[in-house]
S.K.: 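Have a look at this one.
Reckoned from all heavy atoms, side chains included, excluding hydrogens, waters and symmetry mates.
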Amino acid sequence: MTHDAPADHVEQNRRFWDDEAAAWHGPLARDHWAQVEPSWGLWSTPESQVSLLPDGIDGMRAIELGCGTAYVSAWLARAGAHPVGIDLSEKQLATARAMQTEFGIDFPLVLGNAERVPYEDNTFGLAISEYGASLWCDPYQWIPEAARLLVPGGRLVFSRYSPLFALCVPPDGPAATTLSRGQFGLTRLDWGNRVEFVLPHGEMLRLLRACDFVVEDLIEIQAPRSARDYLEVSADWARQWPSEEIWKARLAG
């Protein structure tokens, strides 16, 4: 698939995470690392509800694309996998290393861009992203890269904002009940200090198929009644419409 887009998002997002976001995200790391059961996304959807992790993960080599503080990699390690985490933020990785020391869980952490991962082809059985590369990287770069890294039959799982959320969230304030932008051409969301990426479902399906992925599930998440509001979306909104979604795909072969 052809796709022409500026590549300035990498450095812009690196600055955002190092200079702004790491300060508020870092304190959450300990709670995430301490979780016995993984829970995913804004609404802490339990693993028992969505089965995001594939069967047979024990002994599997895995890569977390855009790992942040690497709590997902910690969950994978506890499940018996052999994870690697890659992220472009030095401050996020510093927090991840501190958590490794505190919890006694060790795995490689790589400072780098999830759109160009310094590992050979056919290295991993699982590529995973929870609001990492799945939100902050160009999908036309990171999804083909995930396909390159996976062995035939390897799994790609990721969570991200839903296209409906992207259509309804204005430049300032939380998601509304009216559309703020058009769906055709939806890919890149420029927020001034950062860049996010959300493809419509049709575009995402075509991209995954072009990279030889077979889509096995798409789960649109509903916020539970006990959920709290976020700056970008209220719990009431997300109980009526999906603000986030989980994709599961398998590389053909």
Side-chain angles (χ1 to χ4, degrees), residues 25 28-29 31-87 96 99 105 107 114 117 124-137 139 142-143 145-147 149-151 153-165 196-199 201 204-205 207-208 211 213-224 226-227 230 233 238 242-252:
H25 199 261
L28 302 174
D31 289 342
H32 284 134
W33 273 70
Q35 287 183 214
V36 175
E37 180 188 9
S39 62
W40 306 100
L42 293 176
W43 313 114
S44 298
T45 305
E47 169 66 12
S48 58
Q49 181 176 324
V50 293
S51 299
L52 192 147
L53 301 181
D55 294 333
I57 197 170
D58 187 23
M60 184 181 291
R61 296 194 70 184
I63 185 159
E64 185 184 359
L65 299 169
C67 67
T69 59
Y71 57 85
V72 171
S73 290
W75 297 341
L76 294 174
R78 284 201 187 100
H82 303 293
V84 172
I86 183 169
D87 200 90
M99 293 297 101
I105 302 174
F107 47 82
V117 179
F124 301 98
L126 171 66
I128 188 168
S129 179
E130 188 205 32
Y131 284 96
S134 55
L135 181 64
W136 300 93
C137 292
W142 81 263
I143 288 179
E145 184 70 344
L149 293 166
L150 287 171
V151 299
R155 305 288 173 154
L156 171 65
V157 293
F158 60 94
S159 61
R160 64 167 194 163
Y161 287 134
S162 73
L164 183 58
F165 167 84
E196 297 171 347
F197 294 88
V198 180
L199 284 184
H201 288 149
M204 179 60 78
L205 284 168
L207 174 56
L208 288 166
C211 295
F213 282 110
V214 177
V215 175
E216 297 188 327
D217 205 356
L218 168 59
I219 305 171
E220 295 171 307
I221 302 297
Q222 182 180 32
S226 59
Y230 287 89
V233 61
S243 63
E244 62 182 359
E245 59 192 27
I246 293 170
W247 288 74
K248 303 179 189 180
R250 172 179 48 84
L251 191 66

S.K.: I need the R61 CZ to L126 CG distance, nearest 0.5 Å.
M.R.: 12.5 Å
S.K.: State, without any angle test, whether S134 and E130 hold a side-chain donor-acceptor pair at a distance under 3.5 Å.
M.R.: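 No, no side-chain donor-acceptor pair sits under 3.5 Å.
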S.K.: For S162 and E245, test the side chains for any donor-to-acceptor distance below 3.5 angstrom and give the result as yes or no.
M.R.: no
S.K.: Main chain of L52, side chain of E47: is a donor-acceptor contact present, judged purely on distance under 3.5 Å?
M.R.: yes
S.K.: Within a strict 4.5 Å, meaning less than it, do heavy atoms of the M204 and I143 side chains meet?
M.R.: yes
S.K.: Less than 4.5 Å apart, any side-chain heavy atom of I63 and any of I128?
M.R.: no
S.K.: Would S129 and E64 count as having a side-chain donor-acceptor pair, cut-off 3.5 Å?
M.R.: no
S.K.: Got a donor-acceptor contact below 3.5 angstrom from the D217 side chain to the K248 backbone?
M.R.: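 Side chain of D217 to backbone of K248: no pair is present.
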S.K.: Ignoring hydrogens and geometry, is there a side-chain-to-backbone donor-acceptor pair from W75 to H32 under 3.5 Å?
M.R.: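 Flag set: sc W75 to bb H32 pair under 3.5 Å.
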S.K.: Side-chain contact, heavy-atom cut-off 4.5 Å: F165 with E244?
M.R.: no
S.K.: Out of curiosity, C67 SG to L76 CG, how far, rounded to the nearest 0.5 Å?
M.R.: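 Here the interatomic distance stands at 11.0 Å.
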S.K.: Not counting sequence neighbours, which residues clear salt bridge (Lys or Arg N to Asp or Glu O under 4.0 Å) with E220? List them please.
M.R.: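 By the salt bridge (Lys or Arg N to Asp or Glu O under 4.0 Å) rule, E220 matches no residue at all.
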S.K.: Could you grab the distance from atom CD of E216 to atom CH2 of W247, nearest 0.5 Å is fine?
M.R.: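 Those atoms lie 13.0 Å apart.
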S.K.: Would you name the heavy atoms of W142 and A133 that are closest together and state the gap between them?
M.R.: NE1-O, 3.2 Å
S.K.: For Y71 and Q35, which I'm curious about, is there any donor-acceptor pair between the side chains at under 3.5 Å?
M.R.: no
S.K.: First locate atom CD of E145, then atom CG of L65, and finally report the distance between them rounded to the nearest 0.5 Å.
M.R.: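 Answer rounded to 0.5 Å: 8.0 Å.
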S.K.: Check whether W33 reaches the backbone of T69 with its side chain - one donor and one acceptor, N or O, closer than 3.5 Å.
M.R.: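 At least one qualifying donor-acceptor pair exists.
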S.K.: Flag the pair L42 / Y230 as yes when at least one side-chain heavy-atom distance between them is below 4.5 Å, and no otherwise.
M.R.: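 With C-beta onward as the side chain, the pair touches.
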S.K.: Do F197 and Y161 have side chains that get closer than 4.5 Å, going by heavy atoms?
M.R.: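 Answer no - side chains too far apart.
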